Amino acid sequence: MSQRHRFWQFVALGVDPYITEYVFETNESLAKIRGKYAYLKNGEESQDRYSVAGRILGIRKHGKIAFMILDDGTAQIQLVFRHDIVGEKLWKIVDILNVGDIVGVVGRPMKTLRGELSILVENFKVLAITWRDYPEKWHGLADAEKRYRLRYLDMMLNKKIRDAIVAMYRIEKSFRDFLDSKGFIEIHTPKLQPVYGGALARPFITRMYALNRDVYLSIAPETYLKRSVVANFFKVYEIAVCFRNEDIDAQHYPEFIQIEIYQAFTDWNGMMKLVEDMVSYAVKAVYGDYKIEVEKNNEKVILNFAPPWRRIPLEEAIEIFGDVKIKGRSYEEILKIAKELDIKVDDPRKGKLLEKIFEKVAQQKIQQPTFITLFPRDVSPLARPSRENPEYAERFEIYIGGLEVGNGYSELNNPIVQFHFFSKEEELRIKSREKFGEVEHHPMDKDYVRALEYGMPPTAGVGIGIYRLVMMLHGLDSIKDVIPYTIVEQDEFKTIAEQHSDILDYYISKLKLE
RNA sequence: GGGCCCGUAGCUCAGCUAGGUAGAGCGGCGGGCUUUUAACCCGUAGGUCCCGGGUUCAAAUCCCGGCGGGCCCGCCA
C-alpha cells in the first residue's frame with residue numbers, strides 16, 4: 001500500500017488489464033514458428049508477420065531494446081522490443097511489463113546476431129497482468145509445499161512436470177485410438193455405488209441425500225464393466241478415476257486413474273498380448289520409439305517396450321530375481337521364509353505371503369516390461385482359476401521399472417463359483433478379524449452374481465495405472481508429480497483486493513458493481 | 001497407525017551445532033545502457049524468522065504444545 005501499485009501505471013497509459021482487451025486473435029503457435037524459421041541466418045529478418053500470445057517468463061532490458069521470453073504453452077520464443085519500432089507510447093508499456101504478464105504481439109520472425117530465433121515486435125497488447133511476483137528465474141519453484149499448493153506455477157515453470165502432464169494426455173489418447181481401431185467402446189461406470197468392489201481396498205463413504213443412504217465411491221470400474229460384457233458390449237474399456245481410502249506415499253494416492261479393459265471370447269493370454277501391443281503402440285506414438293531412456297535415481301535405464309514382453313510365473317520370479325527357493329513349499333515353510341525376510345504377517349492367506357515375498361525380494365529388479373503370471377487363487381476372488389492348477393488364478397501383473405503398473409486376468413464368469421468366492425471373502429473377514437484386525441476383502445455383491453447368472457462369455461480383463469505408468473516413463477519419483485492437482489490444507493493469505501482497497505474501489509465503480 | 005526431517009524477504013537459501021543489532025543472490029522499485037541469453041553497472045525498499053507457551057538479563061537459535069509440508073515403515077495400485 002505504501003507505494004502505488006504498478007496497476008495504476010497501466011491505467012494511466014490507457015491499459016486496463018481486464019477491460020481494454022477481451023480477445024486477441026492468434027494465427028500461429030510458437031512451436032510451429034520455431035520449426036518453420038529455424039533456417040534463418042543470424043541477423044536475418046523474415047517479412048512474414050504473425051500474431052501470437054502468451055505469458056512473459058523472462059525479461060532482459062538494455063535501454064532502448066528489450067528481450068523477453070514468451071511462452072504460449074506450445075513453446076517459448078524470444079521477443080525483441082525496439083524503441084524505434086514500437087514507438088514512444090508502447091515503449092512506456094514495455095518498460096513496466098513484468099514476468100508473469102500476458103501479452104499478445106504482432107511481429108516478424110528474425111534471428112539475432114547471436115543466433116537466437118526471435119520475434120521482432122511491431123505491435124502488442126497487454127491482455128492480463130500478474131499481481132504476484134514469480135519465482136526466481138534460476139531455481140524456480142522448488143519448495144515442495146509451494147509446488148503442491150501453487151500447482152499451476154509448478155506446471156507452468158517446471159518442464160519435467162509439464163512434459164509428464166502432456167505425455168499423460170497423449171498416452172491416454174493413444175490407448176483410445178488403439179482400442180477404437182480394435183472395435184472397443186468406452187463406457188462410464190458409476191462412481192457412486194451401493195456396493196464397492198473390483199479390488200481389495202478401503203472405500204470412501206459419502207452421503208447420497210436423494211436416496212437417503214450412504215454410498216461408496218468407486219474403488220474400481222471392474223464389476224460394472226463386466227456387467228457391460230453381459231450386456232453384449234463384448235469389447236469395453238474405461239479410463240476411470242478410482243477412489244481408495246488408503247494412505248498417501250510415493251506410489252499411492254487416494255484418487256487415481258486406471259484404464260480397465262475387458263474383451264470377451266479371449267483369456268489372459270489374449271489380454272497380455274493386447275496389453276503389450278497397446279502399451280508399446282502408445283510409447284512409440286508418444287516418444288517416437290519402442291525403446292526409451294528413463295532416469296531413475298540418477299541412473300539411466302533403457303526400457304524396451306517392443307512386444308513380446310517376458311512372462312514369468314510369480315514363484316519362478318521369486319526364485320530367479322530374489323534367489324529364494326519357494327516352489328513346492330508348504331504354507332508353514334512359506335510363513336517361515338516371510339518371517340525371515342522381516343515381513344509382518346497380518347493376513348492369513350498364502351497368496352498374500354507370496355505377494356509380499358515377491359515385492360520384497362524381486363520386484364525392484366524387474367526393469368524391463370514384464371508379465372508376472374500365475375498368482376495364487378486366494379487373493380484373486382474375481383479371477384478364473386487356472387485350468388492347470390486351481391490353486392492358482394489365471395492372473396498376471398505388469399511390472400515396468402520396478403513398479404507395478406497393472407493387473408489382469410481371465411475373468412471368473414461362473415456365477416456359482418463367484419458366489420462361493422464372495423462367501424469365502426466374508427468368512428475370511430470374520431475369521432481373521434480377531435487374529436489380524438480388519439483384512440482387506442471383497443464384499444459380497446449378489447447383484448453382480450445375478451448379472452453373471454444371465455451369462456457372461458469367457459472374458460479377459462486388465463487394469464493399468466496411468467499415473468504410475470507416466471511417473472515411471474518420466475523418471476519422476478513421486479506419483480503426486482504426475483497428478484495435476486493434489487489435496488493441500490487451506491492456508492491463510494491476503495488477496496490483492498484485500499490488500500489494495502483503492503483498486504477494489506476502482507473496479508466497483510468502473511463496472512458499476514454495488 | 002509408527003518413525004524421521006523441514007518451515008527465515010515475493011522466490012532460492014545462509015544464520016541455529018555453541019542464545020547477544022535478521023543476511024545473500026534473484027525478483028521488485030529508481031537510474032544508466034539498441035543484440036542480451038541467469039545480461040551488466042549504480043542506488044533503494046522489503047521480515048509476525050509458521051503459531052502459542054516456557055527457560056533466560058537476552059530466543060530465528062534451547063525446551064514443550066500446535067499448525068503446515070515432505071520422506072520412510074505398515075496397508076492399498
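None of the values given here were measured: they were computed from a predicted structure.
- For A/Trp131 and A/Phe7, the distance between ring centers is under 6.0 angstrom.
- If you check every strand for non-hydrogen atoms under 4.0 Å, A/Lys356 touches sugar and phosphate atoms only.
- Between the side chain of A/Asn245 and the base of B/C76 there is no donor-acceptor pair of N/O atoms closer than 3.5 Å.
- Computed from coordinates, the A/Arg202 CZ to B/G74 P distance equals 16 Å when rounded to whole Å.
- B/C6 and B/A45 are spaced 30 Å apart, taking the C1' atom of each and rounding to whole Å.
- Sequence order on RNA chain B of the closest nucleotides to A/Leu120 and A/Lys360 puts A/Leu120 first from the 5' end.
- Between A/Phe422 and A/His442, the ring planes lie parallel to each other; the angle is under 30°, not in the 30° to 60° tilted range.
- Taking a pair to require two hydrogen-bonding distances under 3.5 Å in either a Watson-Crick or a G-U wobble arrangement, B/C62 pairs with B/G54.
- Atom C1' of B/C26 sits at a distance of 13 Å from the matching atom of B/A39, rounded to the whole Å.
- For the P atom pair drawn from B/G19 and B/A60, the interatomic distance equals 14 Å after rounding to whole Å.
- For A/Gln78, the side-chain atoms get nearest to B/U36 when compared with the rest of B/U36, B/C75, B/C29.
- Across all strands shown, A/Tyr467 has no heavy atoms under 4.0 Å from either base or sugar-phosphate atoms.
- Set against B/C76, B/U34, B/C11, the side chain of A/Lys352 has B/C76 as its closest nucleotide.
- Within 3.5 Å, no donor on the side chain of A/Asn98 pairs with an acceptor on the base of B/C29, nor the reverse.
- Residue pairs meeting the salt bridge (charged side-chain N to carboxylate O under 4.0 Å, His left out) criterion with at least one member in residues 237-253 of chain A, sequence neighbours excluded, are A/Lys191-A/Glu238.
- Taking only side-chain atoms of A/Met110, from C-beta outward, the nucleotide of B/C72, B/U35, B/G10 with the closest atom is B/U35.
- Listed candidates were B/G27, B/C26, B/C72. Nearest to the side chain of A/Ala250 is B/C72.
- Across the strands present, B/U37 finds no partner; the criterion is a Watson-Crick or G-U wobble pair with both atom distances under 3.5 angstrom.
- A/Glu492 places its CD atom 16 Å from the C1' atom of B/G7, with the value rounded to the nearest Å.
- Of the C1' atoms belonging to B/U44 and B/A59, the separation is 31 Å, rounded to the nearest Å.
- B/C76 has A/His252 stacked on its base ring, the centres lying under 5.5 angstrom apart and the planes within 30 degrees of parallel.
- Nucleotides B/G7 and B/C50 place their C1' atoms 6 Å apart, quoted to the nearest Å.
- Within 4.0 Å of A/Gln251, counting heavy atoms only, lies at least one base atom of the nucleic acid.
- Distances from the side chain of A/Trp138 to the nucleotides B/A38, B/G10, B/G74 place B/A38 closest.
- If you take atom P in B/G23 and the same atom in B/C64, they sit 29 Å apart, rounded to whole Å.
- Relative to the side chain of A/Ile65, the nucleotides B/U37, B/C11, B/U34 differ in distance, and B/U34 lies closest.
- Cation-pi geometry between A/Arg377 and A/Tyr392 is not met at under 6.0 angstrom from the ring centre and within 45 degrees of the axis.
- Aromatic ring centres of A/Phe396 and A/Phe371 lie closer together than 6.0 Å.
- The base of B/U35 does not come close enough to the side chain of A/Glu116 for any donor and acceptor atom to sit less than 3.5 Å apart.
- To the nearest angstrom, C1' of B/U37 lies 14 Å from CG of A/Leu79.
- If you check every strand for non-hydrogen atoms under 4.0 Å, A/Asn407 touches nothing.
- In this structure, A/Ile248 places its CD1 atom 16 Å from C1' of B/C73, rounding to the nearest Å.
- For A/Arg6, the side-chain atoms get nearest to B/C29 when compared with the rest of B/U34, B/C76, B/C29.
- For A/Lys64, whose side chain is taken as the heavy atoms from C-beta onward, the closest listed nucleotide among B/G70, B/C75, B/U34 is B/U34.
- A cation-pi arrangement is present between A/Lys480 and A/Tyr148, with the terminal nitrogen or guanidinium carbon under 6.0 Å from the aromatic centre and inside a 45° cone about the axis.
- Comparing the C1' positions of B/U21 and B/C63 gives a spacing of 25 Å, expressed to the nearest Å.
- A donor-acceptor contact under 3.5 Å links the side chain of A/Thr112 to the base of B/U36.
- A donor and an acceptor atom never sit less than 3.5 Å apart when one is taken from the side chain of A/Glu145 and the other from the base of B/G7.
- Nucleotide B/U37 holds its P atom 17 Å from the CG atom of A/Leu117, rounded to whole Å.
- In the model, A/Ser380 has a side-chain atom that pairs as donor or acceptor with a side-chain atom of A/Arg395 under 3.5 Å.
- Across all strands shown, A/Val488 has heavy atoms under 4.0 Å from sugar-phosphate atoms exclusively, and none from any base.
- A donor and an acceptor atom sit less than 3.5 Å apart, one in the side chain of A/Asp247 and one in the base of B/G74.
- Side-chain contact check for A/Phe175 versus A/Val279: some heavy-atom pair is nearer than 4.5 Å.
- With a cut-off of 3.5 Å on both pairing distances, the Watson-Crick or G-U wobble partner of B/U44 is B/G28.
- To the nearest angstrom, P of B/U35 lies 16 Å from NZ of A/Lys61.
- Between A/Ile56 and A/Ile69, every side-chain heavy-atom pair lies at or beyond the 4.5 Å cut-off.
- Each of B/U36, B/G10, B/G30 was ranked by its minimum atom distance to the side chain of A/Gln9; first place goes to B/G30.
- As judged by a 4.0 angstrom heavy-atom cut-off over every strand, A/Gly43 is placed among residues making no nucleic acid contact.
- A/Glu489 places its CD atom 11 Å from the P atom of B/G70, with the value rounded to the nearest Å.
- Looking at heavy-atom distances under 4.0 Å, A/Lys146 makes contact with sugar-phosphate atoms alone, never a base.
- Side-chain atoms of A/Lys137 lie closest to B/C26 of the nucleotides B/C11, B/U12, B/C26.
- Spacing between atom CG of A/Asp95 and atom P of B/U34 amounts to 13 Å, rounded to whole angstrom units.
- Taking side-chain N and O atoms only, A/Arg60 has a distance below 4.0 Å to OP1 or OP2 of B/A39.
- As rounded to the nearest Å, B/G2 and B/G15 have C1' atoms that lie 33 Å from one another.
- Nucleic acid contact for A/Arg132: none, since no nucleic acid atom lies under 4.0 Å from a heavy atom of the residue.
- Between A/Phe321 and A/Tyr399, the ring center distance fails the sub-6.0 Å criterion.
- Using a 4.0 Å heavy-atom distance criterion, A/Leu200 is classed as a sugar-phosphate-only contact.
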